J.: 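Take a look at the following structure, please.
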Amino acid sequence: ACSSKYVLSQMHPMWQGPLAVPGGDRQSPIDIIVRKSVFDSALKPLVTDYDPETCQQIWNNGYSFLVEYDDTTDKSTLKGGPLQDQFRLCQFHFHWGESNAWGSEHTVDRRLFPAELHLVHWNSDKYSLFEEAVIEDNGLAVIGVFLKVGKRHEGLQKLVDALPAIRHKDSVVEFNKFDPACLLPTNTDNYWTYHGSLTTPPLTEAVTWIVMKQHIEVSHDQLAVFRSLLFTSAEEEVQKSMVNNFRVQQPLCGRTVRSSFT
Ligand SMILES: COc1ccc2c(ccc[n+]2C(=O)c2ccc(S(N)(=O)=O)cc2)c1
Ligand SMILES: [Zn+2]
């Protein structure tokens, strides 16, 4: 597991702050301006190889909910695409809005989506722990997938059914045999990629972002269950709905966004 060790207290739920990292010139998320992205024929297809047996738990960290994977071996990996090394899946989570009108972190030509999935991986060729990788330039690779409201996503339902058990911050339940590949779009060959950062504290500029061009569809009711989660722990008297847990777009600062497609 890659994030359960972290105390997330520094991550105030409504935190979307102007908080910039000193000298932070490669922050995320960004607006992807399609006509300004540069086609790179050297970009390869993504190669994901996820083992559902490595799925361990699902928990509410007070900012989103995370599905964590055993990343002590190379059983669930990502390579190819823009990556030179092999990366290990450690967790996936989502960002969403209080309404279907917004919620994603990245935007495409300023278009907002109701939610965005992040599959978080760390470079296991170069580092031996997530904690080491998270502070290195080429330490992390995060796949971003946009969610649109439409037909029900059968694969997502198993995850949605587990959410009521983790309504409050810091609640954890065992969660096994979930194959995150079912959350990827049918076409994973078309993506944008750029160098950026974590979108929550510690905002480290360690991420090779791989944002899928094709979205996935989930039902309105499935997304409504995301919004039934709470930022607050069971002890707090005022309960706050977990919504709008996204960061605002950050300056591109001269970075180039490459595309794997024309
Ligand atoms: C070194 O201290 C850390 C390191 C990482 C922490 C973290 C707290 C929360 C999330 N993380 C994360 O791992 C994390 C944060 C954001 C993202 S995101 N939204 O995919 O950019 C992915 C992963 C603290
Ligand atoms: Zn995220």
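Just so you know, ligand 1 is whichever comes first in the structure, and atom 1 is the first atom listed for that ligand. We number each residue from 1, following the sequence as shown. These numbers come from a predicted model, not from an experiment.
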J.: Does ligand 1 have a heavy atom under 4.0 Å from the side chain of Val120, from its backbone, from both, or from neither?
T.: side chain

J.: Quick one, Ile33 and Asp31 - any side-chain contact, counting heavy atoms below 4.5 Å?
T.: yes

J.: Can you tell me how far apart CG (Asn123) and CG (Asp85) are? Round to the nearest 0.5 Å.
T.: 4.0 Å

J.: Is Phe130 touching ligand 1 with its side chain, its backbone, both, or neither, if touching means heavy atoms under 4.0 Å apart?
T.: side chain

J.: Any atom of ligand 1 sitting under 4.0 Å from a heavy atom of Gln91?
T.: yes

J.: Is it the side chain (CB and beyond), the backbone, both or neither of Pro201 that lies under 4.0 Å from ligand 1, heavy atoms counted?
T.: backbone

J.: Is the positively charged end of Lys75 above the ring of Tyr50, judged by distance under 6.0 angstrom from the centroid and angle within 45° of the axis?
T.: no

J.: Working to 10°, measure the angle at the Zn ion (ligand 2) formed by atom ND1 of His118 and atom NE2 of His93.
T.: 110°

J.: With Lys213 as the cation and Phe261 as the aromatic partner, state whether NZ or CZ is under 6.0 Å from the six-membered ring centre and within 45° of the axis.
T.: yes

J.: Counting C-beta onward and ignoring hydrogens, is there a side-chain heavy-atom pair between Lys158 and Val160 closer than 4.5 Å?
T.: no

J.: Does ligand 1 have any atom that is closer than 4.0 Å to a heavy atom of Phe246?
T.: no

J.: Applying a heavy-atom cut-off of 4.0 Å, say which part of His93 lies close to ligand 1: side chain, backbone, both or neither.
T.: side chain

J.: Quick one: pull up NE2 in His118 and OG1 in Thr199 and give me the separation to the nearest 0.5 Å.
T.: 6.0 Å

